[in-house]
Each structure stands twice: as structure tokens, then as C-alpha cells.
Amino acid sequence: MGHIGLTVHPFNGDELFQALSNPHFSPTEVAAHDRAKYLYNYLKTLKTRCILIEDPYTDADYLDDFASYYVRCHTDYERRCRRLHFFSCELPEDWWTRALSPNGLAALQSAYLGFVVARPLPDSIIGRTVLRTYDGDHGRRAYPATLKYAVHLCGLTLSVEETLAFQEQDTILAACATVALWSCFQKTAQLFHTAVLSPSAITKVATRFTHHGRPIPSHGLIVTEMCTAIREVGLEPELFEISGGLPLASLLYAYLRLGLPVVLGVKTCRPGGHAIALAGYSLRDSWVRSSEIGTQVPMRGLRIDALYGHDDQVGPFSRLEIATPGGASDTLLSQAPIYVDERTGTASPLTPNVVIVPVYHKVRITFLDVQKWLTGLHRLFVVWLPDVQLEWDVRLCSVNQYKQDLQTDDWVPAFYRDRALRQDLPRFLWRATLHSNGHVGVDILFDATGLARTVPILSVAWLSDPLSAKIRDLLHSESFAEVAEAILTPQLYRSLSDSFA
Amino acid sequence: MKAANPGKRSAVVRRAEKNVDPLQPAARSMQTVERQLRKQLSEIEREVQRIEAAKVVSQEALNFKFSY
């Protein structure tokens, strides 16, 4: 009968690189490995004090990859991995005995930062990685596409509250597109009870119909193949081409708010595209740019200055700054060494090309539908409020999320909350809330499962009496009816008029 | 380029400083409002058409390969 080794090491670069190494990849090679260096810095920021090495460890994803490929290689690759647990305290010699008591386990849990699976492979050593995120910085950093992971360590149950699993591509069974989908499917499984496939299974299902060469060793996936993989797990791929000029930050925010991870496809200075699984954003208190590309409606994306995503060329929750150079689309900047131009020493930009959102099949209304409806509606507000900074908070939400927010958002008046909590609503909603300097003008709910051509408004809550009186008079003006229909569409015009009844 | 005037504050800032409800509508007649919106109609229609066009994903984007 085998024995699981548990050894405690102080946290420093040498110990980490040694722990990540294997017979095919020496500690010196690990020390020069970009993802390992990123992890070291990330763990330093999390104030890691010690490493607990669990050896051997059977990782289900790696085992599936091993069975699909590595087992038939002539070189002898190990079937089992090593798992590195990280703590923000030093573990005493009798940590195990202490951990078996409830108080001891609670103390261990409070210092637990997560784990990294060290794969016994050459180069692609970073396996499943579940680490705490950076702190929220007083609400600025948000990671909605995260979930709680339970971690079982020789009978002890620890957890990482809000994170999303990461791993680097092995370049054999998975390129960036596969591992980006793998990260996304972790969260969609929690949201929609869909399947979580291993990287090798994702590559296989994605390439089942359209791939014209051999899929494994993988040389990447095209967008169509990624969409196929999303359908295979029971979801629908909502696809947006960013290069055509879309408000990138507001679009991403709208889906991330539900907790949906989003795959962002970018062009870089290197040939071929790169896929990144986005999990969060940095939301400032005020606008960081005066307008967004692809819209005249000011939305919450104006306050987002960075995105956080799993870039398998960099590491978990890597930061992508949004830069708006004035061209047809936003660009992103990463300080990761891989994106730094060797000749100039400056970060070369990443140009977003496509966004793929794995959505539940009942979510049929898209961000673009809501953006279109707000285009005319926003003008009605601007004409009455010409010198006022207005901002629309547009987001996809579940009915439960909406009703929870009604109870926690301090701007929600009791009359609206009490009525809305008992409203019979569909499972998914698009919500558009007009804010200005701490005040709220209107809160509109659309049925995300409805038909776009009917403009499926569920409710309109007017929260500013003087403003709603003016809008009501305008919409009820007979001389304006024809123009109002043209600006708003007849369906939206009717719904808004009825909201004053 | 317009010269910066540090002494001049925007209307948004002035309203915030006076702690005025930002959603208090401007004093203007209904006729003025209707006329302004009529003028914007064609611009709104163009914007809506552009959004409709953005829903179409090109063949090039569908075949875009993520290869590293």
C-alpha cells in the first residue's frame, strides 16, 4: 500500500522551482520558465510563507491527458503528479496533529492560499492551479467569474472561496483555446450544471467535425471549433467580432457580472491568435475615458481600466490594461515578458478580435440588442439633462441575483423593492439602470429569454419624479408620437408609455 | 486645440458642487425638446443600423485560429 508524503518547505524561489521540477525539467529550467516566475511573484504578493508538498497526487485532468497521449510515448512519463499547497503562515512541526482538531483546521484554513499541480512533463509543468485572487482593493477589483473550490488533503477539507482554476497548455493535447475553454467550463458547470471536460476531451470534441489536419498534437483551434466545444457541453456560444467596433469593456462587463467567464481572442505581435479566459475587471469610481468605441451610450465600461484573465502564456488572473488608441477597436496591454517587444523593450499591444461567451441556451437576447434599444432611449434623457454625466449599468443577471441585489443596493427604494421581489420573472434578465452622481433615474428589466423583435421589457421603475414627469409628458405628446416610435421602435415606445399607467 | 482654463468649471462639476439633484431636468419647453430629438432621428437610425450590422460575424473571424 502506497503512502502519501506531506513535506513542509519555506516559501522562496529555490524551493518553489525545486518543487515544480521533475526528471524531464530541471529546477534551473523551471527558474527560467515564464509561468513559474509569474507564479512565484503572484504567491509573493499573496504573502506566502510556506509550501506543503503532497506527493504523489492523482490529478483527474492530467490523468485523462496521460491516458490520451503520454502513456504511448516511448519516453517514460509519470502517471501521477505532485501537488503544492501554499499557506500564508509557517506550519509548525506538529501541524498535522493540530489540523485534526476543529480549531486547528480553522487556523489552517484561514492561512490557506490554494494549490498548484506540478505535472511531470517537460516544459508544460503548471497543471491545475487553484489560488486565491488578489484582494478586492476596496471594491475596485471584481472577480465575478469565480467559484468556491473544496480541496481534500488526506481527509482534511480546505477550500479556496473565490477563484477559477488555471493551467498552462501542454501544446500537445491543448493549446491556448482549449485551456481557455477548460477554465470557462469550470464556472459554467457551477452556474448551469453542465459538463467539465478535460483538456484532451475539449480538443477532441472541438475538432470532431471541422478540423482538416490531425487534431493531436494540437496546433490550436479556430473560432468555429471553439463554438463546437461549447455546444458539446450543452451551452450556446454567443459570438462577437470586436474588430468591427464594439464597446469592449461594457460588453465584457455585461456578461461577467452574471459570473460568466468570457473567452477573449486577441491578435498579438506574434503570428496566430491567442485566447484568454477572462474572470474579472478593475472598476474605478469614475470614468477612465470619456467615450467607448462603438457606442454613443455611456455605459459602465467607461470606468473599467483593466481586465483580469487566465492567460496561459502568463499565469492566473493576469492583468490586461485597456488602452484606447483612437482606432477601430480598443487594445490591451500586458506587462508580461512574453508581450514585451525585445527590440524596443516596450509592451506590444494585444488587439481584441473576437469575444466568445458560453451562455445558457435560454439566454437569447444579446448585449447588442440591449445596446440598440438604449441608443434611442438614451437621447430622451440627454435632451432633458444636457449637462449631466449619465451612465447606464447594463448587465445580464439571473432572477435570484436581481432579487438579492434589490435587498443590498442602497439606492433601491422600498416601494420598488417590495413590488419587484414578488414579481414573477424569467430565469435570466437584462438589466439597464441609469445612474448619475449617486442618483438613479430608471431601472429597466428585459426578458433575456424573450424575442428580440418584440423588445421584451418586463418592468420599468422610474426612480426620479421630476425626470419621469418630463419623459411621461414627452411620450404622451400626440405631436411627438410618430418621432418617438421612430427613435424608440414602436414596441419600446408602447412599453415605456404603458409604464406610466 | 482649445486652451485649458483652470478657472472655468464644467456644468457637471458646478451642479455637483451645489449638491443639486443631477436628474433635475433642464428648464426647456416641450417644443424645444421635440425639435432637438427630431433632428437626431437620422443619426439614431444610422447608429441602430450599425449595431445590427455588428451582429454579423465575418467568415474571417470564424476561421480565426488561436494557435499559441
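Numbered from 1 within each chain, the chains take letters A, B, ... in sequence-line order. Both backbone and side-chain heavy atoms feed into the values below; hydrogens, waters and symmetry mates do not.
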| field | B:Asn63 side, atom CG; A:Glu225 side, atom CD - distance, nearest 0.5 Å | value | 9.0 Å

| field | B:Gln24 CD to A:Lys470 NZ distance, which is reported to the nearest 0.5 Å | value | 9.0 Å

| How close do B:Leu23 and A:Leu467 get, heavy atom to heavy atom, and via which atoms? | O-CB, 3.7 Å

| message | Need one label for A:Leu390: side chain, backbone, both or neither, based on atoms under 4.5 Å from any heavy atom in chain B. | response | side chain

| note | Among B:Val57, B:Thr32, B:Leu37, the residue with the most heavy-atom pairs under 4.5 Å to chain A is B:Leu37

| task | Rounded to the nearest 0.5 Å, what's the gap from CZ on B:Phe66 to CE on A:Met226? Could you check? | result | 5.5 Å

| To the nearest 0.5 Å, how far apart are CD in B:Glu34 and OG in A:Ser479? | 3.5 Å

Taking distance alone, no hydrogens or angles, what donor-acceptor pairs closer than 3.5 Å link side-chain atoms of residues 366-379 of chain A to residues at least two apart or in another chain?
from	atom 1	to	atom 2	distance (Å)
A:Thr366	OG1	A:Leu368	N	3.2
A:Thr366	OG1	A:Asp369	N	3.4
A:Thr366	OG1	A:Asp369	OD2	3.4
A:Asp369	OD1	B:Lys55	NZ	2.4
A:Asp369	OD2	A:Thr366	N	3.0
A:Gln371	NE2	A:Gly294	O	2.9
A:Gln371	NE2	A:Thr295	OG1	3.4
A:Lys372	NZ	B:Glu52	OE2	2.5
A:Thr375	OG1	A:Gln371	O	2.8
A:His378	ND1	A:Trp392	NE1	2.9
A:Arg379	NH1	B:Gln40	OE1	2.8
A:Arg379	NH2	A:Gln296	OE1	2.5
A:Arg379	NH2	B:Glu43	OE2	3.3

| remark: Smallest heavy-atom separation, A:Gly272 atom then B:Ser67 atom, equals CA-OG, 3.4 Å

| query | Does a sphere of radius 6.0 Å around CD in B:Glu60 hold more than 12 heavy atoms from other residues, nucleotides or ligands, not counting ones at 6.0 Å or beyond? | reply | no

| message | If I take atom NZ from residue B:Lys65 and atom CG from residue A:Leu221, how far apart are they, to the nearest 0.5 angstrom? | response | 8.0 Å

| message | Using heavy-atom distances under 4.5 Å, tell me whether B:Ser58 contacts chain A through its side chain, its backbone, both, or neither. | response | both

| Among A:Asn353, A:Ile222, A:Thr224, the one residue meeting side chain to side chain contact (heavy atoms under 4.5 Å, CB included) with B:Phe64 | A:Asn353

| task | Below 4.5 Å from any heavy atom of chain B, which atoms of A:Val266 appear? Answer side chain, backbone, both or neither. | result | backbone

| task | Any chance you could lay out the side chain to side chain contact (heavy atoms under 4.5 Å, CB included) test for A:Trp384 and B:Arg28, step after step, and finish with the verdict? | result | CA-CA 8 Å; A:Trp384 283 113; B:Arg28 50 179 53 175; 3.8 Å; yes

| task | Step by step, work out the side chain to side chain contact (heavy atoms under 4.5 Å, CB included) result for B:Val48 and A:Thr489. | result | CA-CA 11 Å; B:Val48 167; A:Thr489 74; over 6 Å; no

| task | Go through A:Ser436, A:Gly438, A:Ala177, A:Ala484 and name the one with the most non-hydrogen pairs under 4.5 angstrom from chain B. | result | A:Ser436

| query | What heavy-atom pair brings B:Ala61 and A:Val354 nearest, and what distance separates the two atoms? | reply | CB-CG1, 3.9 Å

| Considering only heavy atoms from C-beta outward, does the side chain of B:Leu62 approach that of A:Leu239 to under 4.5 Å? | yes

| Can you name the nearest heavy-atom pair linking B:Pro22 to A:Val388, along with the distance? | O-CG2, 3.2 Å

| message | Please classify the contact of A:Val383 with chain B as side chain, backbone, both or neither, using a heavy-atom distance under 4.5 Å. | response | both

| Residues forming a salt bridge (charged side-chain N to carboxylate O under 4.0 Å, His left out) with A:Glu236, sequence neighbours excluded | A:Arg231

